[in-house]
Asker: 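What follows is a single structure, and I will ask about it in a moment.
The structure presented is a predicted model; accordingly, all values stated were derived computationally and were not measured. Indexing begins at 1, ligand by ligand and atom by atom, following the structure's order.
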Amino acid sequence: MSSARPLNQVYSGLGTTVFTVMSGLAVEHQAINLGQGFPDVDGPEEVRRLAAERLIDGPNQYPPMTGIAELRQAVAAHDKTCYGLDYDWQSEVIVTSGATEALSDCIMALLNAGDEAIIIEPFYDCYLPQIEQTGATVRAVSVTPPDWTLSEEALRAVFNEKTKAIILNTPMNPASKVFTSEELQLIAGLLEEFDAYAICDEVYEHLTFDGRSHVPLATLPGMRERCLRIGSAGKTFSLTGWKVGYISGPEHLTSVVAKAHQFVTFTTCPALQYGVAHGLGMDRGYFDGLAAELQRKRDFLRETLEGIGLPVLPCEGTYFMTADISRFGFNGSDYDFCRHITANAKVAAVPMSVFYHPDSKDVPNSLVRFCFCKKDDVMAEAAERLNKYFG
Ligand code: PMP
Ligand code: GLN
(Lines give C-alpha, C1' and ligand atoms only; values in the text may rest on other atoms or scores of the structure.)
(Ligands and ions follow the chains in the order given, each with its own letter.)
Protein backbone atom coordinates (compact mmCIF):
# COMPACT_ATOMS: atom_id res chain seq x y z
CA MET A 1 0.00 0.00 0.00
CA SER A 2 1.48 3.36 -0.92
CA SER A 3 1.76 6.01 1.75
CA ALA A 4 0.31 9.51 1.59
CA ARG A 5 2.82 10.93 4.06
CA PRO A 6 4.28 14.15 2.70
CA LEU A 7 7.87 14.04 1.51
CA ASN A 8 10.48 16.74 2.02
CA GLN A 9 8.71 20.07 1.72
CA VAL A 10 11.47 21.87 -0.19
CA TYR A 11 12.11 19.23 -2.84
CA SER A 12 8.60 17.88 -3.29
CA GLY A 13 7.47 21.42 -4.16
CA LEU A 14 10.07 21.91 -6.91
CA GLY A 15 9.70 21.54 -10.65
CA THR A 16 12.36 20.23 -13.03
CA THR A 17 15.17 22.73 -13.76
CA VAL A 18 14.68 25.03 -16.72
CA PHE A 19 17.92 23.67 -18.21
CA THR A 20 16.56 20.13 -18.40
CA VAL A 21 13.19 21.32 -19.67
CA MET A 22 14.62 23.51 -22.45
CA SER A 23 17.26 20.97 -23.48
CA GLY A 24 14.47 18.35 -23.75
CA LEU A 25 12.39 20.69 -25.90
CA ALA A 26 15.42 21.47 -28.08
CA VAL A 27 15.89 17.75 -28.79
CA GLU A 28 12.17 17.26 -29.40
CA HIS A 29 12.07 20.10 -31.95
CA GLN A 30 15.55 19.53 -33.39
CA ALA A 31 16.39 23.06 -32.32
CA ILE A 32 19.88 24.48 -31.81
CA ASN A 33 20.28 24.53 -28.05
CA LEU A 34 21.27 28.02 -26.93
CA GLY A 35 19.45 27.34 -23.65
CA GLN A 36 21.45 25.21 -21.20
CA GLY A 37 25.00 26.51 -20.89
CA PHE A 38 27.59 24.02 -22.06
CA PRO A 39 30.28 24.22 -24.74
CA ASP A 40 30.03 21.90 -27.76
CA VAL A 41 33.81 21.52 -28.03
CA ASP A 42 35.56 19.60 -25.25
CA GLY A 43 38.38 21.30 -23.37
CA PRO A 44 42.16 20.77 -23.73
CA GLU A 45 43.17 17.37 -25.13
CA GLU A 46 46.16 17.18 -22.78
CA VAL A 47 43.81 17.42 -19.79
CA ARG A 48 41.51 14.72 -21.15
CA ARG A 49 44.41 12.46 -22.21
CA LEU A 50 46.01 12.63 -18.80
CA ALA A 51 42.72 11.73 -17.11
CA ALA A 52 42.20 8.87 -19.57
CA GLU A 53 45.63 7.44 -18.79
CA ARG A 54 44.88 7.63 -15.07
CA LEU A 55 41.62 5.84 -15.62
CA ILE A 56 43.51 2.91 -17.15
CA ASP A 57 46.60 2.98 -14.95
CA GLY A 58 44.92 4.04 -11.70
CA PRO A 59 44.53 4.94 -8.97
CA ASN A 60 40.86 4.09 -9.18
CA GLN A 61 40.00 3.62 -5.51
CA TYR A 62 38.84 6.28 -3.04
CA PRO A 63 41.21 9.22 -3.20
CA PRO A 64 41.76 11.38 -0.08
CA MET A 65 38.53 12.90 1.20
CA THR A 66 39.44 16.54 0.45
CA GLY A 67 41.02 15.72 -2.93
CA ILE A 68 44.32 14.41 -4.30
CA ALA A 69 47.36 16.39 -3.13
CA GLU A 70 48.27 17.36 -6.72
CA LEU A 71 44.92 19.06 -7.31
CA ARG A 72 44.77 20.80 -3.93
CA GLN A 73 48.30 22.09 -4.55
CA ALA A 74 47.29 23.22 -8.05
CA VAL A 75 44.24 25.10 -6.71
CA ALA A 76 46.33 26.85 -4.05
CA ALA A 77 48.99 27.75 -6.66
CA HIS A 78 46.29 29.00 -9.08
CA ASP A 79 44.72 31.21 -6.40
CA LYS A 80 48.16 32.60 -5.53
CA THR A 81 49.25 33.23 -9.14
CA CYS A 82 45.95 34.65 -10.37
CA TYR A 83 44.85 36.63 -7.32
CA GLY A 84 47.69 36.75 -4.80
CA LEU A 85 45.54 34.72 -2.37
CA ASP A 86 47.41 32.48 0.07
CA TYR A 87 45.70 29.21 1.02
CA ASP A 88 47.31 26.25 2.72
CA TRP A 89 46.65 23.39 0.28
CA GLN A 90 46.38 20.83 3.07
CA SER A 91 43.84 22.54 5.30
CA GLU A 92 42.27 25.29 3.16
CA VAL A 93 41.39 23.63 -0.16
CA ILE A 94 38.65 21.03 -0.78
CA VAL A 95 37.91 19.26 -4.06
CA THR A 96 34.22 18.56 -4.73
CA SER A 97 32.08 16.84 -7.36
CA GLY A 98 31.29 20.09 -9.17
CA ALA A 99 30.54 23.60 -7.97
CA THR A 100 26.98 22.47 -7.26
CA GLU A 101 28.25 20.16 -4.53
CA ALA A 102 30.64 22.87 -3.34
CA LEU A 103 27.74 25.30 -2.95
CA SER A 104 25.73 22.73 -1.04
CA ASP A 105 28.65 21.89 1.27
CA CYS A 106 29.32 25.57 2.02
CA ILE A 107 25.65 26.34 2.61
CA MET A 108 25.29 23.38 4.98
CA ALA A 109 28.46 24.33 6.80
CA LEU A 110 27.44 27.95 7.40
CA LEU A 111 23.68 28.04 7.91
CA ASN A 112 21.31 27.05 10.71
CA ALA A 113 17.54 27.22 10.86
CA GLY A 114 16.63 30.79 11.79
CA ASP A 115 19.59 32.34 9.95
CA GLU A 116 19.10 34.51 6.89
CA ALA A 117 21.05 34.20 3.66
CA ILE A 118 21.14 36.85 0.95
CA ILE A 119 21.05 35.99 -2.73
CA ILE A 120 21.17 38.41 -5.63
CA GLU A 121 18.48 38.19 -8.31
CA PRO A 122 18.60 36.97 -11.02
CA PHE A 123 20.31 34.01 -9.30
CA TYR A 124 21.57 30.59 -10.34
CA ASP A 125 18.76 28.17 -9.65
CA CYS A 126 20.23 25.78 -7.07
CA TYR A 127 20.86 28.47 -4.41
CA LEU A 128 17.27 28.77 -3.28
CA PRO A 129 16.44 25.11 -2.46
CA GLN A 130 19.90 24.47 -1.05
CA ILE A 131 19.46 27.32 1.42
CA GLU A 132 15.83 26.53 2.24
CA GLN A 133 16.73 22.92 3.01
CA THR A 134 18.84 24.12 5.94
CA GLY A 135 15.84 25.89 7.45
CA ALA A 136 17.46 29.28 6.86
CA THR A 137 15.44 32.05 5.24
CA VAL A 138 16.35 33.52 1.86
CA ARG A 139 16.47 37.28 1.41
CA ALA A 140 16.66 38.23 -2.25
CA VAL A 141 17.88 41.56 -3.58
CA SER A 142 17.82 42.41 -7.28
CA VAL A 143 20.34 43.95 -9.57
CA THR A 144 18.45 46.13 -12.00
CA PRO A 145 18.47 45.82 -15.79
CA PRO A 146 19.57 47.01 -18.25
CA ASP A 147 22.91 47.64 -16.50
CA TRP A 148 22.30 45.22 -13.61
CA THR A 149 23.49 47.73 -11.03
CA LEU A 150 23.39 46.90 -7.33
CA SER A 151 21.91 49.67 -5.26
CA GLU A 152 23.44 50.33 -1.86
CA GLU A 153 20.05 51.11 -0.43
CA ALA A 154 18.52 47.85 -1.66
CA LEU A 155 21.43 45.75 -0.45
CA ARG A 156 21.55 47.40 2.96
CA ALA A 157 17.82 46.78 3.34
CA VAL A 158 18.25 42.99 3.26
CA PHE A 159 21.07 42.89 5.82
CA ASN A 160 20.19 42.58 9.51
CA GLU A 161 21.45 40.87 12.65
CA LYS A 162 20.16 37.48 11.42
CA THR A 163 22.17 37.68 8.18
CA LYS A 164 24.69 34.83 8.24
CA ALA A 165 25.87 34.79 4.63
CA ILE A 166 25.56 36.20 1.13
CA ILE A 167 26.04 34.21 -2.05
CA LEU A 168 27.96 36.33 -4.51
CA ASN A 169 28.19 35.07 -8.09
CA THR A 170 30.65 37.07 -10.15
CA PRO A 171 30.90 36.85 -13.13
CA MET A 172 27.18 36.38 -12.76
CA ASN A 173 24.94 33.83 -14.40
CA PRO A 174 22.43 34.68 -15.89
CA ALA A 175 23.02 38.48 -15.90
CA SER A 176 26.55 38.24 -17.43
CA LYS A 177 27.61 40.96 -15.00
CA VAL A 178 31.04 41.40 -13.45
CA PHE A 179 30.65 43.16 -10.09
CA THR A 180 32.54 46.45 -9.91
CA SER A 181 35.12 47.24 -7.25
CA GLU A 182 32.66 49.72 -5.66
CA GLU A 183 30.05 46.97 -5.41
CA LEU A 184 32.58 44.54 -3.93
CA GLN A 185 33.60 47.16 -1.37
CA LEU A 186 29.97 47.78 -0.49
CA ILE A 187 29.41 44.05 0.10
CA ALA A 188 32.64 43.76 2.10
CA GLY A 189 31.63 46.68 4.32
CA LEU A 190 28.25 45.13 5.08
CA LEU A 191 29.80 41.72 5.81
CA GLU A 192 32.07 43.40 8.36
CA GLU A 193 29.27 45.47 9.83
CA PHE A 194 26.92 42.47 10.25
CA ASP A 195 29.65 39.91 10.96
CA ALA A 196 28.58 37.68 8.04
CA TYR A 197 30.25 35.33 5.54
CA ALA A 198 30.30 35.13 1.75
CA ILE A 199 29.99 32.08 -0.44
CA CYS A 200 31.66 33.25 -3.62
CA ASP A 201 30.48 31.36 -6.69
CA GLU A 202 33.32 32.18 -9.09
CA VAL A 203 32.84 29.39 -11.62
CA TYR A 204 33.13 31.89 -14.51
CA GLU A 205 36.31 33.46 -13.09
CA HIS A 206 38.24 32.97 -16.35
CA LEU A 207 35.40 34.00 -18.66
CA THR A 208 35.53 37.81 -18.58
CA PHE A 209 35.52 40.13 -21.58
CA ASP A 210 36.78 43.47 -22.89
CA GLY A 211 39.89 43.50 -20.72
CA ARG A 212 38.03 43.01 -17.44
CA SER A 213 39.71 40.84 -14.89
CA HIS A 214 38.03 38.84 -12.20
CA VAL A 215 38.47 40.11 -8.65
CA PRO A 216 37.57 37.63 -5.88
CA LEU A 217 35.83 39.25 -2.91
CA ALA A 218 38.37 37.37 -0.76
CA THR A 219 41.12 39.73 -1.99
CA LEU A 220 39.55 42.79 -0.33
CA PRO A 221 40.91 43.81 3.08
CA GLY A 222 39.58 41.59 5.85
CA MET A 223 37.61 39.40 3.45
CA ARG A 224 39.85 36.32 3.23
CA GLU A 225 38.62 35.23 6.65
CA ARG A 226 34.95 35.58 5.65
CA CYS A 227 34.93 34.09 2.14
CA LEU A 228 34.60 30.61 0.70
CA ARG A 229 35.70 30.77 -2.95
CA ILE A 230 34.28 28.22 -5.40
CA GLY A 231 35.70 27.33 -8.84
CA SER A 232 34.65 24.74 -11.45
CA ALA A 233 36.72 22.75 -13.92
CA GLY A 234 33.52 22.47 -15.94
CA LYS A 235 33.74 26.12 -16.97
CA THR A 236 37.48 26.68 -16.78
CA PHE A 237 38.29 23.69 -19.00
CA SER A 238 35.05 23.35 -21.01
CA LEU A 239 34.37 19.96 -19.42
CA THR A 240 30.97 20.51 -17.81
CA GLY A 241 30.20 16.80 -17.58
CA TRP A 242 33.22 16.12 -15.38
CA LYS A 243 31.70 17.84 -12.36
CA VAL A 244 34.95 18.72 -10.64
CA GLY A 245 34.82 21.77 -8.39
CA TYR A 246 37.06 23.26 -5.71
CA ILE A 247 36.68 25.42 -2.65
CA SER A 248 39.32 27.61 -1.02
CA GLY A 249 38.84 29.42 2.26
CA PRO A 250 40.23 29.98 5.73
CA GLU A 251 40.65 26.86 7.84
CA HIS A 252 38.04 27.89 10.41
CA LEU A 253 35.48 27.63 7.59
CA THR A 254 36.90 24.82 5.42
CA SER A 255 37.26 22.52 8.44
CA VAL A 256 33.45 22.50 8.75
CA VAL A 257 32.81 22.53 4.99
CA ALA A 258 34.89 19.33 4.84
CA LYS A 259 32.52 17.73 7.36
CA ALA A 260 29.59 18.44 5.04
CA HIS A 261 31.53 17.21 2.00
CA GLN A 262 32.48 13.95 3.70
CA PHE A 263 28.83 12.96 3.94
CA VAL A 264 27.63 14.33 0.61
CA THR A 265 30.03 12.68 -1.83
CA PHE A 266 33.09 12.02 0.37
CA THR A 267 35.33 12.36 -2.68
CA THR A 268 35.60 12.85 -6.45
CA CYS A 269 36.81 10.63 -9.35
CA PRO A 270 40.63 10.51 -9.01
CA ALA A 271 41.44 10.34 -12.74
CA LEU A 272 39.52 13.55 -13.40
CA GLN A 273 41.29 15.23 -10.49
CA TYR A 274 44.68 14.45 -12.07
CA GLY A 275 43.48 15.95 -15.35
CA VAL A 276 42.25 19.14 -13.68
CA ALA A 277 45.46 19.46 -11.63
CA HIS A 278 47.38 19.47 -14.90
CA GLY A 279 44.97 21.96 -16.44
CA LEU A 280 45.29 24.49 -13.63
CA GLY A 281 49.03 24.49 -14.19
CA MET A 282 48.78 25.34 -17.89
CA ASP A 283 50.19 28.60 -19.26
CA ARG A 284 48.31 31.86 -18.80
CA GLY A 285 47.84 31.79 -22.59
CA TYR A 286 45.29 29.00 -22.27
CA PHE A 287 43.05 31.03 -19.94
CA ASP A 288 43.38 34.22 -21.97
CA GLY A 289 42.68 32.31 -25.19
CA LEU A 290 39.48 30.82 -23.74
CA ALA A 291 38.13 34.27 -22.83
CA ALA A 292 39.14 35.77 -26.20
CA GLU A 293 37.41 32.98 -28.10
CA LEU A 294 34.22 33.40 -26.09
CA GLN A 295 34.32 37.16 -26.52
CA ARG A 296 34.40 36.66 -30.29
CA LYS A 297 31.37 34.37 -30.07
CA ARG A 298 29.59 36.88 -27.85
CA ASP A 299 30.14 39.60 -30.45
CA PHE A 300 28.72 37.37 -33.18
CA LEU A 301 25.60 36.64 -31.12
CA ARG A 302 25.15 40.32 -30.31
CA GLU A 303 25.24 41.20 -34.02
CA THR A 304 22.78 38.43 -34.77
CA LEU A 305 20.27 39.47 -32.12
CA GLU A 306 20.57 43.17 -32.89
CA GLY A 307 20.20 42.28 -36.56
CA ILE A 308 16.74 40.83 -35.93
CA GLY A 309 15.75 43.86 -33.87
CA LEU A 310 16.40 42.52 -30.39
CA PRO A 311 18.30 44.90 -28.10
CA VAL A 312 20.83 43.09 -25.93
CA LEU A 313 21.95 43.88 -22.40
CA PRO A 314 25.62 44.32 -21.46
CA CYS A 315 27.58 41.07 -21.38
CA GLU A 316 30.79 41.33 -19.36
CA GLY A 317 31.47 37.63 -18.78
CA THR A 318 30.08 34.03 -18.66
CA TYR A 319 28.58 32.00 -21.53
CA PHE A 320 25.39 34.05 -21.76
CA MET A 321 23.77 37.10 -23.32
CA THR A 322 20.40 38.58 -22.42
CA ALA A 323 18.05 39.96 -25.07
CA ASP A 324 15.04 42.19 -24.54
CA ILE A 325 12.06 40.82 -26.48
CA SER A 326 9.57 43.51 -25.46
CA ARG A 327 9.68 45.14 -28.91
CA PHE A 328 8.27 42.02 -30.50
CA GLY A 329 4.99 42.54 -28.67
CA PHE A 330 4.86 38.77 -28.12
CA ASN A 331 1.60 37.69 -26.55
CA GLY A 332 2.75 35.54 -23.66
CA SER A 333 5.42 35.18 -21.01
CA ASP A 334 9.18 34.95 -21.53
CA TYR A 335 8.81 31.20 -20.94
CA ASP A 336 6.17 31.01 -23.69
CA PHE A 337 8.49 32.97 -25.99
CA CYS A 338 11.33 30.49 -25.38
CA ARG A 339 9.04 27.55 -26.07
CA HIS A 340 7.73 29.33 -29.16
CA ILE A 341 11.12 30.01 -30.74
CA THR A 342 12.33 26.50 -29.88
CA ALA A 343 9.40 24.98 -31.74
CA ASN A 344 9.18 27.50 -34.59
CA ALA A 345 12.54 29.22 -35.15
CA LYS A 346 14.29 25.99 -34.03
CA VAL A 347 16.59 27.85 -31.64
CA ALA A 348 16.24 27.29 -27.88
CA ALA A 349 16.84 29.93 -25.17
CA VAL A 350 16.06 30.28 -21.46
CA PRO A 351 13.57 32.73 -19.86
CA MET A 352 15.03 35.06 -17.23
CA SER A 353 11.99 34.97 -14.96
CA VAL A 354 12.98 31.52 -13.64
CA PHE A 355 16.03 33.05 -11.95
CA TYR A 356 13.90 35.06 -9.50
CA HIS A 357 12.42 34.26 -6.10
CA PRO A 358 8.73 33.25 -6.35
CA ASP A 359 7.83 36.28 -4.18
CA SER A 360 10.03 38.74 -6.05
CA LYS A 361 8.53 42.04 -7.16
CA ASP A 362 11.20 42.49 -9.80
CA VAL A 363 10.56 39.52 -12.10
CA PRO A 364 11.08 40.60 -15.72
CA ASN A 365 8.76 39.23 -18.38
CA SER A 366 10.59 40.22 -21.52
CA LEU A 367 14.18 39.09 -21.01
CA VAL A 368 15.60 35.94 -22.54
CA ARG A 369 19.02 34.33 -22.07
CA PHE A 370 20.97 32.96 -25.04
CA CYS A 371 24.12 30.88 -24.69
CA PHE A 372 27.02 31.52 -27.10
CA CYS A 373 29.65 28.87 -26.22
CA LYS A 374 29.01 26.92 -29.41
CA LYS A 375 31.04 26.16 -32.56
CA ASP A 376 31.13 28.94 -35.17
CA ASP A 377 29.10 26.94 -37.69
CA VAL A 378 26.46 26.19 -35.04
CA MET A 379 26.24 29.88 -34.11
CA ALA A 380 26.01 30.75 -37.84
CA GLU A 381 23.21 28.24 -38.34
CA ALA A 382 21.37 29.63 -35.29
CA ALA A 383 21.76 33.14 -36.74
CA GLU A 384 20.36 31.98 -40.08
CA ARG A 385 17.36 30.35 -38.42
CA LEU A 386 16.63 33.44 -36.30
CA ASN A 387 17.00 35.72 -39.34
CA LYS A 388 14.69 33.56 -41.39
CA TYR A 389 12.06 33.37 -38.69
CA PHE A 390 12.10 36.99 -37.57
CA GLY A 391 13.42 38.60 -40.75
N1 PMP B 1 27.21 28.21 -10.35
C2 PMP B 1 26.86 28.81 -11.49
C3 PMP B 1 26.63 30.27 -11.50
C4 PMP B 1 26.71 28.07 -12.65
O5 PMP B 1 26.32 28.67 -13.79
C6 PMP B 1 26.93 26.69 -12.61
C7 PMP B 1 26.73 25.96 -13.86
N8 PMP B 1 26.74 25.05 -14.22
C9 PMP B 1 27.30 26.09 -11.38
C10 PMP B 1 27.42 26.89 -10.27
C11 PMP B 1 27.51 24.62 -11.22
O12 PMP B 1 28.75 24.21 -11.68
P13 PMP B 1 29.14 22.67 -11.76
O14 PMP B 1 28.68 22.19 -13.10
O15 PMP B 1 30.63 22.64 -11.59
O16 PMP B 1 28.42 21.96 -10.67
N1 GLN C 1 24.99 26.38 -15.56
C2 GLN C 1 24.28 25.94 -16.71
C3 GLN C 1 23.39 27.07 -17.20
O4 GLN C 1 23.21 28.05 -16.54
C5 GLN C 1 23.40 24.75 -16.51
C6 GLN C 1 23.84 23.73 -15.53
C7 GLN C 1 22.80 22.66 -15.37
O8 GLN C 1 22.11 22.31 -16.29
N9 GLN C 1 22.69 22.18 -14.19
O10 GLN C 1 22.85 26.97 -18.26
Side-chain angles (χ1 to χ4, degrees), residues 14-27 33-40 43 67 71 75 94-107 119-131 143 148 166-179 198-208 214 216 228-247 261 264-265 268-269 272-273 275-276 279-280 294 315-322 338 348-356 367-374:
L14 285 181
T16 304
T17 84
V18 69
F19 309 118
T20 301
V21 172
M22 292 313 302
S23 287
L25 275 182
V27 171
N33 190 355
L34 304 188
Q36 187 179 27
F38 60 92
D40 58 358
L71 180 49
V75 170
I94 300 170
V95 177
T96 60
S97 296
T100 311
E101 190 221 314
L103 284 156
S104 183
D105 296 343
C106 292
I107 286 168
I119 59 180
I120 305 179
E121 295 175 321
F123 54 82
Y124 185 59
D125 62 351
C126 71
Y127 302 161
L128 185 61
Q130 286 182 349
I131 293 169
V143 286
W148 302 115
I166 185 169
I167 300 191
L168 177 64
N169 176 214
T170 184
M172 186 184 191
N173 175 17
S176 317
K177 166 190 174 68
V178 172
F179 282 73
I199 298 171
C200 302
D201 178 345
E202 302 183 2
V203 300
Y204 298 101
E205 60 190 318
H206 291 293
L207 313 185
T208 58
H214 170 66
L228 287 160
R229 205 188 88 72
I230 297 173
S232 169
K235 317 295 171 199
T236 296
F237 301 108
S238 306
L239 295 165
T240 59
W242 278 25
K243 298 299 281 189
V244 177
Y246 22 89
I247 305 168
H261 165 70
V264 175
T265 57
T268 298
C269 174
L272 303 184
Q273 294 194 50
V276 174
L280 284 173
L294 277 168
C315 172
E316 302 171 342
T318 76
Y319 290 154
F320 311 109
M321 174 171 275
T322 306
C338 290
V350 163
M352 283 296 256
S353 57
V354 300
F355 302 106
Y356 285 75
L367 298 180
V368 167
R369 191 195 82 173
F370 290 88
C371 167
F372 51 78
C373 54
K374 303 293 175 189

Asker: Could you identify the single nearest non-hydrogen protein atom to atom 12 (O) of ligand 1 and state the distance to 0.1 Å?
Answerer: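 Heavy-atom neighbour on the protein nearest atom 12 (O) of ligand 1: A99 CB, 3.4 Å.
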Asker: Please answer whether the main-chain N or O of D201 pairs with a side-chain N or O of R229 as donor and acceptor at a distance below 3.5 Å.
Answerer: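 Such a contact is absent between R229 side chain and D201 backbone.
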Asker: Report the part of N173 (side chain from C-beta onward, or backbone N, CA, C, O) that has a heavy atom under 4.0 Å from ligand 2; answer both or neither where that applies.
Answerer: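 For N173, the contact with ligand 2 is made by the side chain alone.
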Asker: Can you find a non-hydrogen atom of F38 under 4.0 Å from ligand 1?
Answerer: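 False for this residue.
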Asker: Counting non-hydrogen protein atoms only, what is the nearest one to atom 8 (O) of ligand 2? Give residue, atom name and distance.
Answerer: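 Atom 8 (O) of ligand 2 sits closest to the protein heavy atom Q36 NE2, 2.7 Å.
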Asker: Looking only at heavy atoms, is any part of K243 under 4.0 Å from ligand 1, and if so is it the side chain, the backbone, or both, or is it neither?
Answerer: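 It is the side chain that touches ligand 1; the backbone stays farther off.
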Asker: Geometry only, no angles: is N169 polar-contacting ligand 1 at N/O separations under 3.5 Å?
Answerer: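 Looking only at distances, the answer is no, because the N/O contact criterion of under 3.5 Å is not met.
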Asker: Take every heavy atom of K235, measure it against each atom of ligand 1, and state whether any distance is under 4.0 Å.
Answerer: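 Heavy atoms of K235 do come under 4.0 Å of ligand 1.
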Asker: When you compare ligand 1 with N173, is there at least one nitrogen or oxygen pair between them that comes in under 3.5 angstrom?
Answerer: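 The answer is yes, given that N173 and ligand 1 share an N or O pair closer than 3.5 Å.
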Asker: Keeping the roles fixed (side chain from N169, backbone from P171), state whether a donor-acceptor pair exists under 3.5 Å.
Answerer: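 Side chain of N169 to backbone of P171, a donor-acceptor pair under 3.5 Å: yes, one is there.
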Asker: Taking side chain as C-beta onward, heavy atoms only, is F123 less than 4.5 Å from I167?
Answerer: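 No, too far: nothing below the 4.5 Å cut-off.
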Asker: Among D201, D125, T100, V244, which residue places a heavy atom closest to atom 10 (C) of ligand 1?
Answerer: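 Closest candidate by heavy-atom distance is D201.
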Asker: Between the candidates Y124, F38, F320, F19, which shows the shortest non-hydrogen contact distance to atom 1 (N) of ligand 2?
Answerer: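 Among Y124, F38, F320, F19, the closest heavy atom to atom 1 (N) of ligand 2 belongs to Y124.
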Asker: Look at the aromatic rings of F355 and F19 and report parallel, tilted or perpendicular, splitting at 30° and 60°.
Answerer: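 Geometry flag for F19 against F355: tilted rings.
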Asker: In this structure, which one of T268, T265, T96 forms a side chain to side chain donor-acceptor pair (under 3.5 Å) with E101?
Answerer: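 With E101 as partner, T268, T265, T96 yield a single side chain to side chain donor-acceptor pair (under 3.5 Å), made by T265.
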Asker: Would you mind finding which of C126, G37, G35 brings a heavy atom closest to atom 2 (C) of ligand 2?
Answerer: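 Ranked by closest heavy atom to atom 2 (C) of ligand 2, first place is G37.
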Asker: Do side-chain atoms of S238 reach the backbone of G43 as a donor and acceptor pair under 3.5 angstrom?
Answerer: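 Side chain of S238 to backbone of G43: no pair is present.
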Asker: Do side-chain atoms of K374 reach the backbone of F38 as a donor and acceptor pair under 3.5 angstrom?
Answerer: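 Answer holds: yes.
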Asker: The criterion is side chain to side chain donor-acceptor pair (under 3.5 Å); which residues satisfy it with S23, sequence neighbours excluded?
Answerer: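 Scan of S23 (side chain to side chain donor-acceptor pair (under 3.5 Å), adjacent residues dropped) gives N33, Q36.
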Asker: Residue-level breakdown please: for K243 versus ligand 2, do any non-hydrogen atoms fall below 4.0 Å on the side chain, on the backbone, on both, or on neither?
Answerer: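 Neither; no heavy atom under 4.0 Å.
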Asker: For residues V354 and P122, determine if any side-chain heavy atom of one lies less than 4.5 Å from a side-chain heavy atom of the other.
Answerer: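 No; the side chains remain at least 4.5 Å from each other.
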Asker: I'd like to know if K235 contacts ligand 2, where contact means a heavy-atom distance under 4.0 Å to any ligand atom.
Answerer: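 The answer is yes, since K235 has a heavy atom less than 4.0 Å from ligand 2.
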Asker: Give the atoms of ligand 1, by number and element, whose distance to some non-hydrogen atom of G98 is under 4.0 Å.
Answerer: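 Under 4.0 Å from G98, ligand 1 has these atoms: 15 (O), 16 (O).
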Asker: For atom 9 (C) of ligand 1, which protein heavy atom lies nearest, and how many Å away is it?
Answerer: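 Here the nearest protein heavy atom works out to Y124 CE2, 3.5 Å.
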Asker: Atoms of ligand 2 less than 4.0 Å from R369 heavy atoms?
Answerer: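 Per the distance check, 3 (C), 4 (O), 10 (O).
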Asker: Which is it for M22 and L25 under the side-chain contact (heavy atoms from CB on, under 4.5 Å) test, yes or no, and what are the steps along the way?
Answerer: CA-CA 5 Å; M22 292 313 302; L25 275 182; 4.0 Å; yes
